[in-house]
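Contents: one structure, followed by commentary.
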Number of protein chains: 2
Amino acid sequence: MRDNETHMSSPEKRTAGPGRPRNFDEAAALQSAMHVFWQKGFEATSLDDLTKAMGLSRSSFYATFGCKQTLFLRALEHYSENGIRGLKEVAETAADDPVDAMMQALSDPKGGPRGCLLVNCITELAPHDDKVAEIGRRHLEDIEDLFAAAIDPANPDGVRDRASAYSSLAIGTLALRKAGLPAERIARTLKQARTVLTS
Amino acid sequence: MRDNETHMSSPEKRTAGPGRPRNFDEAAALQSAMHVFWQKGFEATSLDDLTKAMGLSRSSFYATFGCKQTLFLRALEHYSENGIRGLKEVAETAADDPVDAMMQALSDPKGGPRGCLLVNCITELAPHDDKVAEIGRRHLEDIEDLFAAAIDPANPDGVRDRASAYSSLAIGTLALRKAGLPAERIARTLKQARTVLTS
DNA sequence: TTGTTTCTGGACCGTTCAGTCCAATAATGT
DNA sequence: ACATTATTGGACTGAACGGTCCAGAAACAA
């Protein structure tokens with residue numbers, strides 16, 4: 001993505017009528033694409049990577065998703081929605097210490113060493129791509145909101161700043177993971193920092 | 001960088017002798033290259049970008065630096081050395097509260113919204129490139145060492161974990177910056193978190 | 001079956017990429 | 001001045017990129 005204004009050919013709306021129906025699941029394809037972007041980043045992901053992972057021909061790809069950039073943004077939205085919903089569930093499930101549970105979930109995401117797709121994309125693209133920055137900002141704010149809601153209401157001092165600190169801390173550990181530092185040490189760090197930040 | 005094993009043609013050692021001397025400063029060229037990588041990342045930086053910024057012809061470029069990948073690694077090393085030295089100076093200068101000074105410096109680096117070159121590269125490349133991961137790991141550990149040394153010796157409990165928490169926190173805020181969150185809010189968050197983490 | 005509509009694979013296009021190569025040039029020692 | 005050596009710019013290469021296009025196959029309604 002070297003340029004903000006891409007060709008952006010939009011997928012023509014096809015009238016539903018008689019004729020061959022598509023034999024792939026658009027949502028599943030989107031999910032697959034998301035995983036590729038997650039693993040390789042935007043620039044390093046080629047159309048061959050995408051079509052192969054999605055099980056689509058190039059034609060179907062462009063007819064359905066328009067262009068790489070459009071698909072990418074949809075994948076980011078998809079990731080964000082799923083991630084925030086999952087994080088909310090984590091907080092609700094671990095009602096005894098939702099903040100700690102959220103920190104663990106953020107720091108050790110299901111994506112494994114791939115980290116958080118949106119944090120990756122913020123780092124790679126946000127400074128040069130407004131749309132990515134926008135989605136990223138909203139994602140981060142959603143996370144902060146969840147932290148703010150999970151913070152013990154008996155300790156309401158500087159809730160917003162503490163929520164921000166929690167998410168920054170968790171996000172920061174992703175870089176440590178990616179650099180190859182042992183997960184065990186990171187978890188311990190997080191645990192310790194959390195007990196201190198609570199007070 | 002789609003592949004770990006690149007062509008890696010090494011720059012032939014030129015015997016010093018009579019003949020035209022090079023009329024550019026290798027260190028300055030390296031510095032310029034570093035800034036380009038810092039701004040655009042590895043993948044998005046083309047050789048034209050590099051040669052233009054460095055003021056070199058393609059021939060001189062390859063004769064001097066071998067290949068893009070090699071230059072890149074040298075730029076990372078250069079950045080790390082400079083950064084760690086600068087951070088150490090920050091800590092020594094602000095002797096009253098070196099931890100706070102370091103956090104500020106890390107969170108609001110001279111690179112501005114570009115964040116930290118090494119954190120960017122860890123995010124973009126470390127999972128697929130061992131050498132980058134190695135340099136990044138060392139950089140992060142150096143930062144942690146500086147924090148550990150700066151922590152009040154009257155409070156020696158869990159020094160290592162606290163140092164790790166400080167750097168994670170500072171590094172995490174870089175993502176917030178890149179996503180476009182206002183610097184003022186981030187600084188406030190950091191300040192508040194720091195006062196709590198000290199206790 | 002026939003007609004219609006949509007999907008599919010692969011060929012194709014123009015651009016850009018990292019890297020190579022060479023004739024011309026410029027700075028040195030003698 | 002001359003021979004020597006390294007630098008320089010720019011042309012070039014082969015591969016990979018994102019995106020387009022089309023002929024044919026496949027699935028529906030009738």
Side-chain angles (χ1 to χ4, degrees), chain A residues 1-26 28-29 33 36-37 40-75 125 129, chain B residues 1-26 28-29 33 36-37 40-75 124-125 128-129:
Chain A
M1 186 160 12
R2 201 138 303 164
D3 200 338
N4 253 354
E5 44 187 337
T6 62
H7 207 238
M8 196 63 76
S9 68
S10 59
E12 313 117 39
K13 263 283 168 252
R14 310 252 166 169
T15 63
R20 180 181 179 178
R22 65 169 45 138
N23 63 354
F24 64 89
D25 181 349
E26 184 171 328
V36 181
F37 285 128
K40 313 188 69 168
F42 179 83
E43 291 278 4
T45 296
S46 72
L47 270 176
D48 283 339
D49 293 331
L50 287 171
T51 52
K52 190 179 163 192
M54 300 165 82
L56 267 67
S57 69
R58 254 172 145 72
S59 322
S60 304
F61 177 94
Y62 279 100
T64 309
F65 295 103
C67 70
K68 190 188 173 189
Q69 164 91 326
T70 304
L71 168 67
F72 177 64
L73 293 176
R74 282 189 60 182
L125 306 168
D129 188 313
Chain B
M1 191 162 5
R2 200 140 303 163
D3 200 337
N4 253 355
E5 44 187 335
T6 61
H7 208 239
M8 197 61 77
S9 66
S10 58
E12 314 118 39
K13 262 284 168 251
R14 309 252 166 170
T15 63
R20 180 180 178 178
R22 66 169 45 136
N23 62 355
F24 64 89
D25 181 351
E26 185 172 326
V36 180
F37 285 128
K40 312 188 71 168
F42 179 83
E43 291 279 4
T45 296
S46 71
L47 270 177
D48 282 339
D49 292 331
L50 288 171
T51 52
K52 190 178 163 191
M54 300 163 83
L56 265 67
S57 70
R58 254 173 146 71
S59 322
S60 304
F61 176 93
Y62 279 101
T64 309
F65 296 103
C67 71
K68 190 188 174 190
Q69 165 91 326
T70 303
L71 169 66
F72 177 64
L73 293 177
R74 283 190 58 182
E124 182 189 359
L125 306 167
H128 310 297
D129 188 314

Regarding the side chain of Ser46(B), the nearest nucleotide among dG19(D), dT8(C), dC17(C) is dC17(C)

Check every strand shown and say whether Phe61(B) touches a base, only sugar-phosphate, or nothing at a heavy-atom separation below 4.0 Å. nothing

Hey, are the side chains of Phe42(B) and Asp129(B) touching, using non-hydrogen atoms and a 4.5 Å cut-off? no

Rounded off to whole Å, could you give me the CG-to-C1' distance for the Asp49(B) and dT16(C) pair? 12 Å

Assuming nearest nucleotide by heavy-atom distance, tell me which of Asp48(A) and Gly55(B) is located more 5' along DNA chain D. Gly55(B)

May I ask you to verify whether the side chain of Ser57(B) and the base of dG10(D) hold a donor-acceptor pair under 3.5 Å? no

Counting only distance, no hydrogens or angles, is the base of dG19(C) paired donor-acceptor with the side chain of Arg58(B) under 3.5 Å? yes

Which nucleotide wins on minimum distance to the side chain of Ser59(B), given the candidates dG19(C), dG18(D), dT8(D)? dT8(D)

Would you check if Phe65(A) and Leu50(A) make a side-chain contact, meaning some heavy-atom pair closer than 4.5 Å? no

Distance below 4.0 Å between Ser60(A) side-chain N/O and dT8(C) OP1 or OP2: yes

Please report, rounded to the nearest Å, how far the P atom of dC7(C) is from the CD atom of Glu26(A). 11 Å

Hey, does the Lys NZ or Arg CZ of Lys68(B) hover above the aromatic six-ring of Phe37(B), less than 6.0 Å from the centre and inside 45° of the axis? no

